[in-house]
Amino acid sequence: MKTERISGSEAIIKCLLAEGVDILYGYPGGAIMPVYDELYKYQDKIHHVLTRHEQGATHAAQGYARISGKVGVAMATSGPGATNLITGIADAQIDSTPMVCITGQVPSHLLGSDAFQETDIVGISTPVTKWNHQVTKASEIPEVMAKAFYIAKSGRPGPVLIDITKDAQFEELDFKYEKCKGVRSYKPVPDTDIESVKEAAELINNAKKPMIVWGQGVVLSEAEKELIEVIEKAEIPSAWTILGASAVPTSHPLNIGMVGMHGNYAPNILTNECDVLIAIGMRFDDRVTGSLNTYAKQAKVIHFEIDPAEVDKNVKTDVAVLGDAKASLKELLPLLNANSHPEWLQRFKDLYKIEFDKVINKDINPTKEGLTMGEVLKEINIQSKGEAAIVSDVGQHQMIACRYAEFNTTKSNITSGGLGTMGFALPAAIGAKMAAPNREVVAIIGDGGYQMTIQELGTIFQQRVPVKIVVLNNEFLGMVRQWQQLFFDKRYASTEMVNPDFVAIAKGYHIEAQKVTKRDDLKTAVKEMIDFDGPYFLEVCVEKEDNVFPMIPSGASVSDIRLE
């Protein structure tokens, strides 16, 4: 390959172009200024989005990655610019989101001298990145950048941080770029052992009460089709974690709903009655399992997993099938017998009826005066025909969105799972909409989380991103308040919110906005929002002290799930 003599800064831009990057989220500053200067020359090829905070840049990159399946890219300067990326990086790490973050650093001769805006971002980010590296010589840039993109996207995805000193950005190099195809000692996808697949198939074929719980691994490996084929051939009731939502359409008869703390009644209860539990691309998070001392003790456990570190970490497995979920399910399918489990499926239907009567119907068809979060989601489903990508923040509204949104298309549920980052949704919705401009993207946010990144309304205004924003306002930090009500004798310590005029703020950013306080106005308002050609803000005032049920108390068994 022919080389050309260019600066380290231009090399960074050319590396991004070689990796197919067309959108970059970031915030300039002194230590990254040479790269921004080069970026100015490439405005027709890479669209830079100036977020209003570096955390917003990471969440936007996450939203972009989650809906597109590509690597999201964020860039910031040294010191506080770099440290402001950390929350988004940690979020991406625990939720397996492919992201490359580029930070500027003080000149190499000043490293370790406590220079202005010097921070050891490599040391700080080490626990929350899949890989990181500091570049002090321009000649390192092509190889390090190629490696960064390869590591971020391969195997179990995750965030990578590249810290580049300012002198390396100015220094010249003989540039040539080759995409990375492998890294010594790093094997992103373990080989699938066909014997373990056969063992799994035998257990499933002999099961009387099989149950699948799938997670985001299915979405990341694009194994949706294979999962549905397995589910249908063996007629296995199948539940999902919140990050796995949308891999199988909500309406599928074998989709039995969400597991976990605020999941559906039937799959939680019957986890402790199934005889074979098949986990696919999920990590047995504590919010899914509740007390491990009582979790699925009666079941043979099969774990399909790409990351060997997750096997037996929380739940002891009987058969572990290592490898990419798509490849493993392809191997499994021909070994499965066509089967049916009518009595077992009826158990799920019976328990769903109990949940519908005690919880669901009251949430989506309320008779009380105040608006509920559930009926807002129901109306969004109707007006968007269940085709919207829902980007939710963290809290009660998140659980309601996951429970009641209709997911007819994969990659439709974008939320902060493992880290539970309030402030995630608004910037993540920006990235999601820019990655999928032809999809309707609706951000569902609580009044607390919204104010953590409300400044990103400026990004929406400047970039003209036609995202739809719904704030469900109960004037509380609702999830914390619910716990205070149930477990702390209603001592609402520091959870009541005194909120500003959200509509006025949105209009200050020249974003069309309205507020709904009455049920009679909800349908028209949601329709106006969905039909509007451009960004739109809708505030819906909901009941202040509504709780989200079902609920598994912290540390309790999944069998102890409460309906009220």
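When reading the values below, keep in mind they use all heavy atoms of this one structure, side chains included, and skip hydrogens, waters and symmetry mates.
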Correct closest heavy-atom pair for I89 and P159 would be O-CG, 3.4 Å

Does any part of the side chain of D95, heavy atoms only, come nearer than 4.5 Å to the side chain of L419, both counted from C-beta? no

Under 3.5 Å: donor-acceptor pair, side chain of K468, backbone of F532: yes

With heavy-atom distances below 4.5 Å as the criterion, would you say the side chains of V470 and E539 are in contact? no

Taking all non-hydrogen atoms of both residues, which atom of P427 and which atom of G423 are closest, and how far apart? CD-O, 3.4 Å

Provide the closest heavy-atom pair for A320 versus S196 in the form atom of the first, atom of the second, distance. O-CB, 3.5 Å

Give a yes or no on whether the backbone of T87 and the side-chain of D91 come within a donor-acceptor separation of less than 3.5 Å. no

Quick check: closest heavy atoms across K147 and V183, and the distance to 0.1 Å? CE-CG1, 3.7 Å

Test item: D393 side-chain N/O and A425 main-chain N/O as donor-acceptor pair under 3.5 Å: yes

Check whether any side-chain N or O of S78 sits under 3.5 Å from a backbone N or O of Q117 as a donor-acceptor pair, and report yes or no. yes

Nearest-0.5 Å distance that lies between atom OG1 in T126 and atom CG in L161: 9.0 Å

Run through I102, V100, V35 and flag the one making a side chain to side chain contact (heavy atoms under 4.5 Å, CB included) with L16. I102

Are S392 and T415 close enough that a side-chain donor and a side-chain acceptor fall under 3.5 Å? yes

Please step through side-chain contact (heavy atoms from CB on, under 4.5 Å) for the pair Y450 and L457, ending with a clear verdict. CA-CA 10 Å; Y450 181 58; L457 290 175; 3.3 Å; yes

From the list V442, L426, V441, V391, side chain to side chain contact (heavy atoms under 4.5 Å, CB included) with I469 holds only for L426

Using the ring centroid of each side chain, check whether Y25 and H48 are separated by less than 6.0 Å. no

R283 bridged to D285 by N-O distance under 4.0 Å: yes

Can you measure from OH (Y40) to CD (Q43) and round to the nearest 0.5 angstrom? 6.0 Å

Is the shortest heavy-atom distance from the side chain of T58 to the side chain of C101 under 4.5 Å? yes

Set of residues satisfying ring pair (Phe, Tyr, Trp, His ring centres under 6.0 Å) with respect to H510, sequence neighbours excluded: F461

Will you find, in the side chains of Y186 and K130, an N or O donor that is under 3.5 Å from an N or O acceptor? yes

Over 12 non-hydrogen atoms of neighbours within 6.0 angstrom of NZ in K45: no

Can you check whether F537 and Y509 have ring centres sitting under 6.0 Å from each other? no

Kindly say whether I414 contributes a backbone atom to a donor-acceptor pair with the side chain of R66 at under 3.5 angstrom? no

Is the closest side-chain donor-acceptor distance between Q398 and R403 under 3.5 Å? no

Between the CD1 atom in I278 and the CH2 atom in W214, the distance rounded to the nearest 0.5 Å is 12.5 Å

Donor-acceptor under 3.5 Å (N314 side chain, F284 main chain): yes

Do we see a donor-acceptor contact under 3.5 Å between the side chains of S384 and E440? no

Atom of A31, atom of V106 and distance for their closest heavy-atom approach: CB-N, 4.4 Å

May I ask you to test the Q105-I164 pair for a side-chain heavy-atom distance under 4.5 Å? no

Just how far is it from atom CD1 of I162 to atom CD of E140, taken to the nearest 0.5 Å? 10.5 Å

Indicate whether the side chain of D167 and that of T165 have a donor and an acceptor atom separated by less than 3.5 Å. yes

Within the 3.5 Å criterion, strictly below it, is a donor on E456 or T459 matched to an acceptor on the partner's side chain? yes

Indicate yes or no: at least one non-hydrogen side-chain atom of E310 is less than 4.5 angstrom from one of M282. no

Contacts of type side-chain contact (heavy atoms from CB on, under 4.5 Å), residue K316, not counting sequence neighbours: D312

Has T192 got a side-chain atom pairing as donor or acceptor with S328's backbone, closer than 3.5 angstrom? no

Answer whether the closest heavy-atom distance between the side chains of V248 and E224 falls below 4.5 Å. no

E387 and T409: side chain donor to acceptor below 3.5 Å: yes

Side chains of N473 and F502: closer than 4.5 Å at any heavy-atom pair? yes

Got a sec: does the CZ of R439 have more than 12 other heavy atoms crowding it under 6.0 Å? yes

Quick one: does L333's side chain get under 4.5 Å of E226's, heavy atoms only? no

Tell me whether E10 is salt-bridged to K41, with the criterion being a basic N under 4.0 Å from an acidic carboxylate O. no

If you measure from NZ on K14 to CD on E38, what distance do you get to the nearest 0.5 Å? 9.5 Å

Set out, in order, the CA-CA distance, both residues' side-chain angles and the distance that settles side-chain contact (heavy atoms from CB on, under 4.5 Å) for H303 and V319, then state yes or no. CA-CA 6 Å; H303 196 176; V319 178; over 6 Å; no

Just by modelled atom types, is the D447 backbone N or O under 3.5 Å from a matching donor or acceptor in the Q451 side chain? yes

CD-CG distance between E512 and D533, expressed to the nearest 0.5 angstrom: 12.0 Å

Please assess Q134 against L111 for the test side-chain contact (heavy atoms from CB on, under 4.5 Å), listing each intermediate value before the final yes or no. CA-CA 11 Å; Q134 186 174 77; L111 289 171; 3.5 Å; yes

Between the side chains of E172 and R5, is the shortest nitrogen-to-carboxylate-oxygen separation below 4.0 Å, so that they form an ion pair? yes

In this structure, which one of T77, L39, L50 forms a side chain to side chain contact (heavy atoms under 4.5 Å, CB included) with P28? L50

Salt bridge or not between E222 and K326? Use side-chain N to carboxylate O under 4.0 Å. no

Has the side chain of S68 got a donor or acceptor atom that lies under 3.5 Å from a matching backbone atom of K70? yes

Would you confirm whether Q62, through its side chain, and G431, through its main-chain N or O, come within 3.5 Å as a donor-acceptor pair? no

Quick one: list whatever passes ring pair (Phe, Tyr, Trp, His ring centres under 6.0 Å) with H53, sequence neighbours left out. none

Ignoring hydrogens and angles, state whether a donor on the side chain of N132 or D163 is under 3.5 Å from an acceptor on the partner side chain. no

Compare every heavy atom of A168 with every heavy atom of I141, then report the nearest pair and how far apart it is. CD1-O, 4.0 Å

Regarding E229 and K225, does a basic nitrogen lie under 4.0 Å from an acidic carboxylate oxygen? yes

Give the intermediate values and the outcome of side-chain contact (heavy atoms from CB on, under 4.5 Å) for residues T103 and I32. CA-CA 7 Å; T103 54; I32 196 70; over 6 Å; no

